[in-house]
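In what follows, chains carry the letters A, B, and so on, assigned in the order in which the sequence lines appear, proteins first and then strands, with residues in each chain numbered from 1.
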Amino acid sequence: MEKKVQTRREGLPELPNLNSRKPVLRFAPNPNGPLSFGHSRGLVINGQYAKELDGELILRFDDTDTTVKPPMLEAYDSIPKQQEWLCGFPAHRIVIASERMDKYHEYATKMLEGGFGYVCTCSAESFREFRVSKQECPCRGNSVDENLELWRKMNDPEGFQPGEAVLRVKTDMTLKNPALRDWPAARIQTNPHPRVGNKWRVWPLLDFQSAIEDYLQGVTHIIRGKDLMDSTRKQTLLYAHFGWDYPETIYWGRVKVHEFGAFSTSQMKRDIAEGIFDGWDDPRLPTLSALSRRGIKADSLRAFWIELGLTQKDISVPLSTLYSHNTKAIDAQAPRLAFVRNAYPVKLSGDFPKTGTISSHSDTEMTPRQYSIDEGVWIEEDDSGKPIRLKDLCDIDSTGNVESIDRSDKRSVVHWVAGGTPSKLTIADGQEITTVEGILEDHNYPVGTILQLERIGYAIVEDDGLLMVHD
RNA sequence: GCUCGUGUAGUGUAGUGGCCCAUCAUGAAGGCCUCUCGAGCCUUCGACCCGGGUUCAAAUCCCGGCACGAGCACCA
């Protein structure tokens with residue numbers, strides 16, 4: 001009897017409702033800081049579809065909140081670079097919401113003129129009561145002219161102040177889902193925007209800004225977290241008012257990575273300012289710059305997210321899954337080198353080859369390492385005091401007497417360094433960071449080379465030592 | 001509380017009524033190879049949340065539980 005072979009879908013699922021179009025996708029981060037691991041999912045998935053289906057990827061800066069999540073100017077430069085690093089191609093279009101404010105105002109006005117939006121002067125608290133009790137608020141009955149006048153007052157510095165008025169989309173106060181009842185579309189913010197200053201006073205909220213921009217850009221497919229499901233429903237109601245068709249929408253569930261605790265961009269920003277972390281690329285942080293510095297390849301992140309796919313399940317994955325992809329990406333190019341932790345000197349006596357070469361990689365062609373032994377070698381303290389085999393050299397007893405050149409028994413094989421240079425290995429393990437002193441075999445590899453430290457794991461060469469990549 | 005969503009091996013994932021006593025990866029255990037606790041190769045372990053129903057046939061459809069998650073912001 002033959003074993004039945006099953007066909008298994010590889011890669012991302014087919015994009016629904018494509019109808020032989022070229023898809024237009026978008027990824028819309030808030031530029032209140034550089035990109036993190038969490039953002040990489042949106043970038044990888046949207047980017048991958050755009051690439052595979054010869055479509056377009058729009059990188060959009062959703063920077064319409066100057067109060068809670070004020071934009072960070074450097075992020076407008078760093079995000080496109082990181083996007084290109086991660087996706088392997090630059091975004092086809094870059095859209096900056098704060099530069100598109102005239103459009104959002106235009107459509108806000110159209111909404112008021114069309115009678116499906118209104119300016120609400122209720123307080124947030126009293127509107128919450130209306131929402132819960134399914135009652136219409138008094139402002140809902142404003143005439144178009146009244147609304148246009150109130151809208152003018154929202155935009156007038158002499159008029160409403162922040163919190164005194166908000167623009168709402170008229171849906172239906174009796175909708176089953178409370179989140180959808182006459183949702184807010186824009187509010188007044190007087191903090192200056194780092195890019196456009198005080199040019200605008202009324203700023204759209206995400207659901208309105210994103211909905212209008214997706215329409216203007218011709219987005220065909222929106223792929224995003226399922227926490228935004230209600231956003232889709234709100235925006236669909238707005239699209240219906242305008243007579244537009246909402247893009248096809250796909251969701252993914254929440255991903256928790258155990259090793260990355262709860263990091264938020266704003267919290268990281270505070271902690272860096274306070275000196276708890278060295279910078280955005282501190283190896284303890286889950287930012288893309290930190291991951292890249294730690295030797296995680298863009299290919300590995302792509303493979304990781306594509307493997308997780310697009311299910312709506314909330315999942316929890318260990319970082320070792322990402323590391324396993326990364327090992328495949330780096331192993332063939334990682335020269336082997338010895339780093340002796342807590343170096344312990346051993347004086348060798350007897351006959352052994354004082355100079356020679358050792359392979360740098362058992363599976364690939366790579367320039368071999370050369371060694372030259374004066375009178376002794378360094379081994380790890382943990383390996384001392386017992387008969388051992390110095391890898392690729394000889395068997396010795398606990399005192400350093402050479403017993404055999406060929407491997408004579410099953411004693412453990414340990415790595416060693418002749419000469420070498422004091423160095424340190426930095427290991428970031430979640431929030432913990434430790435440094436191990438040791439002796440590193442001499443080498444000429446430039447900064448950025450990923451090595452495999454024998455019996456330890458992969459590490460990347462930095463200016464002032466080694467940074468652990470992973471086991 | 002209301003609303004929405006999800007439940008396949010330890011962790012992820014394939015599977016949309018029969019090809020499934022369920023795929024692949026990772027993990028764990030063992031072996032081979034290799035003078036690394038690396039890579040590669042081989043073997044083994046291990047799952048359809050529970051209860052009903054529809055059907056000749058259900059992981060797949062329906063109903064009810066249960067569990068978990070998210071939304072109900074003048075954040076994104």
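Along RNA chain B, the nucleotide nearest A/Val68 and the nucleotide nearest A/Leu308 are compared for position; the residue whose nucleotide lies closer to the 5' end is A/Leu308.
One finds a side-chain N or O of A/Arg128 lying less than 4.0 angstrom from the OP1 or OP2 phosphate oxygen of B/A73. Between A/Thr64 and B/A76 there is a side-chain N or O to OP1 or OP2 distance below 4.0 Å. The shortest distance between the side-chain N/O atoms of A/Arg9 and the OP1/OP2 oxygens of B/G15 is below 4.0 Å.
In this structure A/Phe37 satisfies the ring-ring contact (aromatic ring centres under 6.0 Å, His included) test together with A/Phe260, A/Phe304, A/Trp305, sequence neighbours excluded. Remark: A/Tyr107 engages A/Phe242, A/Trp244 in a ring-ring contact (aromatic ring centres under 6.0 Å, His included) (not counting sequence neighbours). A/Pro353 meets the side-chain contact (heavy atoms from CB on, under 4.5 Å) test with A/Tyr371, A/Leu393, A/Ile405; sequence neighbours excluded. Taking A/Ser398 as the reference, nothing meets the side-chain hydrogen bond (donor to acceptor under 3.5 Å, both in side chains) condition, with sequence neighbours excluded. Here A/Lys328 pairs with A/Ser324 under the side-chain contact (heavy atoms from CB on, under 4.5 Å) rule; sequence neighbours left out.
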Letter per nucleotide, 5' to 3', of nucleotides 60-71 of chain B [B base touched, S only sugar-phosphate touched, - untouched; heavy atoms, 4.0 Å]: ---------SSS
Readout for nucleotides 26-36 of chain B: B = base within 4.0 Å of protein heavy atom, S = sugar-phosphate only, - = neither; 5' to 3' it is S--------BB
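A/Ser316 comes within 4.0 angstrom of sugar-phosphate atoms only, judged by non-hydrogen atoms across all strands, and of no base. Within 4.0 Å (heavy atoms only), A/Gly163 reaches at least one base atom of the nucleic acid. Counting any heavy atom pair closer than 4.0 Å across all strands shown, A/Tyr458 reaches sugar-phosphate atoms only and no base atom. Contacts of A/Lys69 with the nucleic acid, taken as non-hydrogen atoms under 4.0 Å apart, include base atoms.
Base pairing in RNA chain B gives the following stems of 3 or more Watson-Crick or G-U pairs, range against range and under 3.5 Å: B:1-7 with B:66-72, B:10-12 with B:24-26, B:27-32 with B:40-45, B:49-53 with B:61-65.
The CE atom of A/Met154 sits 8 Å away from the C1' atom of B/C74 (whole-angstrom rounding).
The nucleotide whose nearest atom lies closest to any side-chain atom of A/Arg131 is, among B/U8, B/A73, B/G5, B/A73. Side chain of A/Val166, nearest nucleotide from B/C74, B/G12, B/U6: B/C74.
Summarising the local packing, CG of A/Asp409 is surrounded by more than 12 heavy atoms from other residues, nucleotides or ligands at distances under 6.0 Å. When the shell of 6.0 Å around CG of A/Asp397 is examined, it contains more than 12 heavy atoms from other residues, nucleotides or ligands.
Within residues 184-192 of chain A, the residues approached by RNA chain B to less than 4.0 Å at the level of any non-hydrogen atom are A/Pro184, A/Arg187, in residue-number order. Of the residues in residues 201-213 of chain A, those lying under 4.0 Å from RNA chain B by heavy-atom distance are A/Leu205, A/Leu206.
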Please tabulate, for the side chains in residues 261-268 of chain A, all donor-acceptor contacts under 3.5 angstrom to protein atoms that are two or more places apart in sequence or on a different chain.
from: A/Ser264; atom 1: OG; to: A/Gln267; atom 2: N; distance (Å): 3.0
from: A/Gln267; atom 1: OE1; to: A/Arg270; atom 2: NH2; distance (Å): 2.8
from: A/Gln267; atom 1: NE2; to: A/Asp271; atom 2: OD1; distance (Å): 3.1

Close N/O contacts between protein and nucleotides 44-49 of chain B (under 3.5 Å):
none

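Only one option out of A/Glu380, A/Glu437, A/Glu381 pairs with A/Arg341 in a salt bridge (Lys or Arg N to Asp or Glu O under 4.0 Å); it is A/Glu380.
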